[in-house]
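These notes are about the structure you will find just below.
Count residues from 1 along the sequence.
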Amino acid sequence: MKYINTLKEGDRGTETYLCKKKTQGISKTGKAFESLTLCDKTGTIDAKIWDVDSEGISDYDELDFITVTGDITSWNGALQFNIKRLRKANEGEFEITDYIPSSKKDIGVMWNDLTALINSIQAPYFKALLRKFFVDDKAFIDEFKAHSAAKSVHHGFTGGLLEHTLSVATNCDFYSRQYPFLDRDLLITAAIFHDIGKVRELSEFPRNDYTDEGQLLGHIYVGATMIDRAIDDIEGFPAVKRKELIHCILSHHGELEFGSPKKPAIAEAIALSFADNLDAKLETIYEALENVEENNLTWQGFNRLLDSNIRRTGKN
């Protein structure tokens with residue numbers, strides 16, 4: 001199998017990919033065509049079927065595994081698969097693990113580390129809230145472990161939500177030692193909960209796309225609502241800590257233009273927003289440069305997510 005991240009202009013052949021998206025269009029000459037998004041565990045590529053009535057094009061649907069024959073071309077600076085022949089792949093012709101990206105880190109180890117942070121919380125009301133989701137709700141635990149943290153930006157793979165959450169919480173644990181005036185229990189609890197809404201904002205793999213709830217409401221509002229409602233079941237939860245925790249969730253993107261309905265107004269919210277941004281940015285540049293060879297100091301071009309031209313760091 002030739003993975004998508006190895007394709008280059010001029011390649012020609014037959015490969016099997018997952019059809020993540022399928023749309024129909026009409027060209028400037030009035031001819032029907034189809035646009036596809038093909039994917040495997042290494043990424044996605046745009047594809048086109050310009051002759052949809054060809055005998056070589058069989059019926060297929062979104063989320064089908066399809067075997068395609070054609071050429072790799074370039075359009076507006078991006079690679080495109082020009083499909084000449086297409087059929088649905090048969091069972092046994094592909095391995096599902098080749099098409100679903102997953103964390104390179106051990107899920108069990110990460111979960112144990114997250115559980116250790118939960119157990120380190122001293123405030124009984126915060127610990128009770130965390131246990132309600134991450135200890136007592138087995139269905140939620142399974143969903144959280146398998147979920148991605150994004151559609152395509154960073155940690156967009158199974159286990160990505162757990163990996164990102166643990167990293168942010170670990171950063172916040174360090175901040176609490178570096179800056180002892182921070183309320184560690186509040187900060188760690190907010191870190192573990194900050195992206196909880198993504199289990200409802202994004203669908204499961206292989207689609208891994210925004211749900212209707214995600215499109216209309218977004219994970220910040222959804223997560224804040226999930227936590228606020230869960231607090232209702234915890235007797236004696238301090239009203240002031242309830243508001244501070246929800247504020248941390250609502251402001252964790254740091255700026256209004258980045259989707260937060262509130263800017264951070266307490267120290268713990270500021271710390272959380274920086275921890276989240278740090279992990280997101282470093283994962284973004286890691287993923288962008290992952291397949292660039294060591295000591296290749298060629299500038300890789302403008303990265304819109306980082307708002308900068310990027311390259312690898314040189315090795316001695």
Side-chain angles (χ1 to χ4, degrees), residues 41 96-97 100-150 153-180 182-205 208 219 222-223 226-227 230-231 233-234 237 241 245 248-249 252 268 271-284 286-287 290:
K41 68 179 182 180
I96 189 71
T97 54
I100 298 181
S102 60
S103 174
K104 296 179 176 65
K105 299 180 180 179
D106 186 280
I107 298 296
V109 171
M110 288 193 293
W111 186 255
N112 288 339
D113 290 343
L114 189 70
T115 301
L117 281 171
I118 292 172
N119 290 335
S120 74
I121 298 297
Q122 299 298 306
Y125 45 89
F126 280 143
K127 183 172 285 189
L129 181 63
L130 287 162
R131 289 184 61 85
K132 185 176 179 66
F133 287 91
F134 294 95
V135 176
D136 300 332
D137 192 337
K138 303 305 182 185
F140 171 82
I141 292 170
D142 290 342
E143 190 173 19
F144 188 88
K145 286 180 177 180
H147 229 75
S148 74
V153 180
H154 66 88
H155 297 92
F157 42 77
T158 60
L161 181 56
L162 171 58
E163 183 177 321
H164 174 59
T165 299
L166 176 62
S167 184
V168 172
T170 301
N171 287 340
C172 286
D173 190 29
F174 167 76
Y175 292 165
S176 71
R177 295 192 300 273
Q178 186 72 11
Y179 305 97
L182 292 169
D183 182 336
R184 180 184 184 275
D185 282 354
L186 171 61
L187 180 56
I188 298 298
T189 301
I192 293 173
F193 276 130
H194 83 282
D195 269 351
I196 192 176
K198 288 188 174 179
V199 298
R200 285 163 46 179
E201 180 184 49
L202 295 165
S203 57
E204 296 178 351
F205 278 94
N208 191 45
H219 75 277
V222 171
M226 290 170 66
I227 295 164
I231 289 174
D233 299 329
I234 300 175
F237 200 106
K241 289 304 178 186
L245 176 60
C248 287
I249 304 304
H252 79 263
E268 292 74 16
L272 174 60
S273 69
F274 277 108
D276 179 48
N277 192 42
L278 172 66
D279 188 59
K281 290 287 176 58
L282 288 180
E283 178 66 20
T284 296
Y286 169 76
E287 292 178 12
E290 182 180 11

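- In this view, F274 satisfies the ring pair (Phe, Tyr, Trp, His ring centres under 6.0 Å) rule with no residue, not counting sequence neighbours.
- Proximity of D173 to R184: side-chain heavy atoms (C-beta onward) are separated by under 4.5 Å at one or more points.
- Inter-residue side-chain proximity for L202 and S148 is flagged as met; some heavy-atom pair is nearer than 4.5 Å.
- Partners of D276 according to the salt bridge (Lys or Arg N to Asp or Glu O under 4.0 Å) rule, which considers only residues two or more places apart in sequence or in another chain, do not exist here.
- Summarising the geometry, atom CD1 belonging to I118 is positioned 6.0 Å from atom CH2 belonging to W111; distances are rounded to the nearest 0.5 Å.
- Between the side chain of T170 and the backbone N or O of L166 there is at least one donor-acceptor pair closer than 3.5 Å.
- The two residues G223 and I196 have their closest heavy-atom pair at CA-CG2, 3.7 Å.
- Annotation: side-chain hydrogen bond (donor to acceptor under 3.5 Å, both in side chains) contacts of S176 (sequence neighbours excluded): none.
- A donor-acceptor pair is defined here as one N or O able to donate and one able to accept, closer than 3.5 Å; no such pair exists between the side chain of E201 and the backbone of V199.
- Side chains of F193 and L130 form a contact here, defined as non-hydrogen atoms less than 4.5 Å apart.
- F140 is linked by a ring pair (Phe, Tyr, Trp, His ring centres under 6.0 Å) to F133, F134, F144, counting only residues two or more places apart in sequence or in another chain.
- At least one side-chain heavy atom of M110 sits under 4.5 Å from a side-chain heavy atom of S103.
- Not a single donor-acceptor pair under 3.5 Å links the side chain of D195 to the backbone N or O of K198.
- Rounding to the nearest 0.5 Å gives a distance of 11.0 Å between CZ of R200 and NE2 of H147.
- Judged by distance alone, the side chain of H164 and the main-chain N or O of D279 form no donor-acceptor pair under 3.5 Å.
- The list of side-chain hydrogen bond (donor to acceptor under 3.5 Å, both in side chains) pairs with a residue in residues 126-142, not counting sequence neighbours, reads K132-D233.
- Taking a 6.0 Å sphere around NZ of K105, one finds it holds 12 or fewer heavy atoms contributed by other residues, nucleotides or ligands.
- In this structure, the ring pair (Phe, Tyr, Trp, His ring centres under 6.0 Å) partners of H252, at least two apart in sequence or on a different chain, are H194, H219.
- Using a 4.0 Å cut-off between a side-chain N of Lys or Arg and a carboxylate O of Asp or Glu, D185 and K241 do not qualify as a salt bridge.
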